[in-house]
Number of protein chains: 2
Amino acid sequence: MKASIGDVALKAGVSNATVSRTFAHPEQVSEATRLKVQAAADALNFSVSRSAGILKSGRTYRIALLVGSGVIEWFTAEIIAGLNDVLRDAGYDLVIYPIEGSEARDAFFEELPVRSNADAVFVSSFGISPDEVKRLGTAKIPIIGINTTSEGFDATVGINDKEGIKLIVRHLAKLGHRNLLYLYESFSSTLGFSSFNRISGFQEACDAVDGLTARTLAVQKGDSILDAAISEIMAQDNPPTALCFHQDSQAIPLFFRLQRSGLSVPGDISVTGFDDSTFAKEAELTTVRQRPYDMAVDAAQKALALIEGQPIEEPFETFPVQLQVRNSTAKPRTAPLL
Amino acid sequence: MKASIGDVALKAGVSNATVSRTFAHPEQVSEATRLKVQAAADALNFSVSRSAGILKSGRTYRIALLVGSGVIEWFTAEIIAGLNDVLRDAGYDLVIYPIEGSEARDAFFEELPVRSNADAVFVSSFGISPDEVKRLGTAKIPIIGINTTSEGFDATVGINDKEGIKLIVRHLAKLGHRNLLYLYESFSSTLGFSSFNRISGFQEACDAVDGLTARTLAVQKGDSILDAAISEIMAQDNPPTALCFHQDSQAIPLFFRLQRSGLSVPGDISVTGFDDSTFAKEAELTTVRQRPYDMAVDAAQKALALIEGQPIEEPFETFPVQLQVRNSTAKPRTAPLL
DNA sequence: GTGAAAGCGCTAACAC
DNA sequence: GTGTTAGCGCTTTCAC
């Protein structure tokens, strides 16, 4: 059915090795032979199969990406795009493993399907435990973290979440805000590291400002984060003058809701996000920019170096965050809301 | 370094074949032997390598996904998630090939890297030419289209774009609108099929309504689609009373812009989208719902069947679209805008 | 229930 | 510049 190297060799009247060389090292084959071989290959619709070469090389040419959820939103989409762009050019396949729920998680670390079946593994925004990292380590392949701790990893890329949220807090403080509310969806430990730092960074930054009242509010997944936000804004007793959302995608829907509630941004309330993701610019949302695509490109390059056994100049890299001041933040209102 | 089947066999005092069977067909191995082998395998951190088995089986256990862009937005993210969920469980790797730009495109169809290196190929929302499909066909693997024509494909899944946009037009007509404007970003032919149908479907639906004025407006990629929209709304001369966007992601930013322009939805202008994607519900955008995740799951199942050589009950499947009437559409204003 | 051995398709010494 | 040959690590008949 499918033509193999032997068929081409036969048809071209040369040996298997010559056919192989024609594709792998064309410069080692004479022009005439090369053309003959190529003609035969074209006639038979032949392409070199990677599988055999993979077997010989000892490499799998697969690289795994562990993510905490099967749902691919902004951050993960950017990571996939960045990794894939670099890895594909280098001849590697990126294969995605969503690890959703604790059973799937246990199963993954029990079976460790990447062992003997991947040349490296990325762990993205995944609150992986030290034990799990150790277990992953028995696969004897490089482990690269994306927004994770660096413990047990061969390399990591990530942002300084604390620094990012501190930029937000200082910006609001400078505008005169003295009562901030941080809103986030309660997250499972599988998504922990980056999120945790963002929240604790918020507290730290607020503590550093005299007379600043700050609260954090964890809300169950779903629409209710907006209800919580509105309720807090309308509270009789010392309502916040600014809402800090854990990520842009939670802040954006608030704009629609506020409009219906007759509340204006930033007149009645200042709002901030985190990520500078989809629609943040259009919504004029003050936020912190991070560039997961760039981090992924760098992470992929680190992975390739590690696979080659090359030393890495900076195994643990922190990428810049940047405050994007837009129109969703302003001086706090001086008069009460009603 | 890495333990292979021979090492385990040696340590367990059995043959390679028995080790192989312990993992591939445990029921063919006696309890006692199995335990011995497993103990040895655990001690050596051994896992079966897929590469060798792949070579023997003649399968590659790779399935390619061709997409028109390296950027992964809502639709593609849903497709990837759906395909991956099914294919991973079946032991296949999903590998993503972004085909961006005509050089990359020509290179891809020239080299045809999927030939001998994938067991099936998905083509997603990619205006592939008949010649390209034919060329792809020489790879002798199933080709499954997602939102493509069915010409030359072994199976396809998709929605009826024309029907979808017609639901929008009829809804607006019923509300009393008689002047519609369809806005879209001009798209390259690589993204053609689905988009083209949506636009021509709009025209057809409008033609079917007496006294309905309809125009379509192609805008260059970028922010300017909003400027175009605002300008049209404010036009002296017979401005549209409803704007129909090609997809939700173009309509959403308009909400923010309109607010700043002092225009209200749906009071001053009705707005519709297409997709029911991120924030459509929160923005109360009237739109047409499609479920790319579900289509992808179905496409993946079709692919697996085709690989197995099984007959497919419905190779060319059309998935339902559903009108989501929300608060962004209402009766047209009766008074002039100013 | 287990072992011996062939071979999947290719690559890389090594010889000529 | 080209051919011969030995494997890469596993699976799978075929014996026993």
Side-chain angles (χ1 to χ4, degrees), chain A residues 1-38 40-41 44-62 91 113-119 139-141, chain B residues 1-38 40-41 44-62 91 113-119 139-141:
Chain A
M1 187 95 297
K2 228 177 298 175
S4 79
I5 206 167
D7 304 327
V8 178
L10 201 66
K11 176 147 191 153
V14 298
S15 72
N16 286 15
T18 300
V19 176
S20 173
R21 276 190 286 256
T22 302
F23 291 98
H25 310 285
E27 73 285 359
Q28 295 178 13
V29 179
S30 77
E31 173 96 33
T33 313
R34 210 165 53 214
L35 292 173
K36 244 187 342 188
V37 171
Q38 261 154 2
L44 296 170
N45 277 327
F46 168 80
S47 295
V48 180
S49 150
R50 287 163 40 108
S51 313
I54 285 174
L55 183 56
K56 258 208 101 58
S57 71
R59 297 250 173 96
T60 65
Y61 287 99
R62 301 169 82 241
V114 296
R115 187 167 56 190
S116 308
N117 289 306
D119 299 332
K140 299 280 177 225
I141 55 177
Chain B
M1 186 97 295
K2 228 177 298 176
S4 79
I5 205 166
D7 304 326
V8 178
L10 202 65
K11 176 146 191 155
V14 297
S15 72
N16 287 12
T18 300
V19 176
S20 173
R21 277 190 283 255
T22 302
F23 291 97
H25 309 286
E27 74 284 359
Q28 295 178 13
V29 180
S30 76
E31 173 96 33
T33 314
R34 210 164 54 213
L35 291 173
K36 246 189 337 190
V37 171
Q38 261 153 1
L44 296 169
N45 276 329
F46 168 81
S47 294
V48 179
S49 150
R50 286 163 42 109
S51 312
I54 284 173
L55 184 55
K56 259 210 100 59
S57 72
R59 297 253 175 94
T60 66
Y61 287 99
R62 301 170 80 241
V114 296
R115 187 166 56 191
S116 306
N117 289 304
D119 299 332
K140 299 280 177 228
I141 53 176

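When reading the values below, keep in mind they use all heavy atoms of this one structure, side chains included, and skip hydrogens, waters and symmetry mates.
The shortest distance between the side-chain N/O atoms of B/S15 and the OP1/OP2 oxygens of C/dA4 is not below 4.0 Å. Here A/S30 does not reach the OP1 or OP2 of D/dG1: none of its side-chain N or O atoms lies under 4.0 Å away.
Among the protein residues, B/V29 comes within range of the sugar-phosphate backbone only, with heavy atoms under 4.0 Å from sugar or phosphate atoms but none that close to a base. At the heavy-atom level, B/V19 lies nowhere under 4.0 Å from the strands shown.
Rounding to whole angstrom units, CG of residue B/L55 and C1' of C/dT11 are separated by 12 Å. Spacing between atom CG of B/L35 and atom C1' of C/dG1 amounts to 15 Å, rounded to whole angstrom units. Rounded to whole Å, atom P of C/dC10 lies 14 Å from atom CG of A/L10. For the pair B/I54 CD1 and D/dC8 C1', the computed distance is 14 Å after rounding to whole Å. Rounded to an integer number of Å, the gap from B/L44 CG to D/dG9 P is 14 Å. Across the protein-nucleic acid pair, A/I5 atom CD1 and D/dG3 atom P stand 12 Å apart, rounded to whole Å. Between the C1' atom of D/dT11 and the CZ atom of B/R50 lies a distance of 15 Å, rounded to the nearest Å. In this entry the distance linking OH of B/Y61 with C1' of C/dC8 reads 13 Å, nearest Å.
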For nucleotides 12-16 of chain C, print each protein N/O atom paired with a nucleotide N/O atom at under 3.5 Å, atom names and distance only.
none

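Residues passing the salt bridge (Lys or Arg N to Asp or Glu O under 4.0 Å) test with B/E27: none are found, sequence neighbours excluded. Residues satisfying the side-chain hydrogen bond (donor to acceptor under 3.5 Å, both in side chains) test with B/S30, not counting sequence neighbours, are B/T33. Remark: A/L35 engages A/E31, A/Q38 in a side-chain contact (heavy atoms from CB on, under 4.5 Å) (not counting sequence neighbours). For B/T60, the side-chain hydrogen bond (donor to acceptor under 3.5 Å, both in side chains) partners at least two apart in sequence or on another chain are B/D119. Under the rule for a side-chain hydrogen bond (donor to acceptor under 3.5 Å, both in side chains), the partners of A/R50 that lie at least two apart in sequence or sit in another chain are A/D93. For A/S47, the side-chain hydrogen bond (donor to acceptor under 3.5 Å, both in side chains) partners at least two apart in sequence or on another chain are B/R115.
Separation of atoms CG (A/L55) and OG (B/S49) is listed at 7.0 Å; rounding is to 0.5 Å.
Both A/F23 and B/E27 lie close to DNA chain C; mapped to their nearest nucleotides by heavy-atom distance, the more 5′-ward contact belongs to B/E27.
In this structure, the helix from C/dG1-D/dC16 to C/dC16-D/dG1 shows an angle of 30° between the axis at its start and the axis at its end, each fitted on 5 base pairs and rounded to 10°.
Side-chain atoms of B/T18 lie closest to C/dG3 of the nucleotides D/dC10, C/dG3, C/dC10.
The side chain to side chain donor-acceptor pair (under 3.5 Å) pairs that include a residue from residues 11-23 of chain B are B/S15-B/T18, where partners are two or more places apart or lie in different chains.
No donor-acceptor pair under 3.5 Å is formed between the side chain of B/N117 and the backbone N or O of A/S51.
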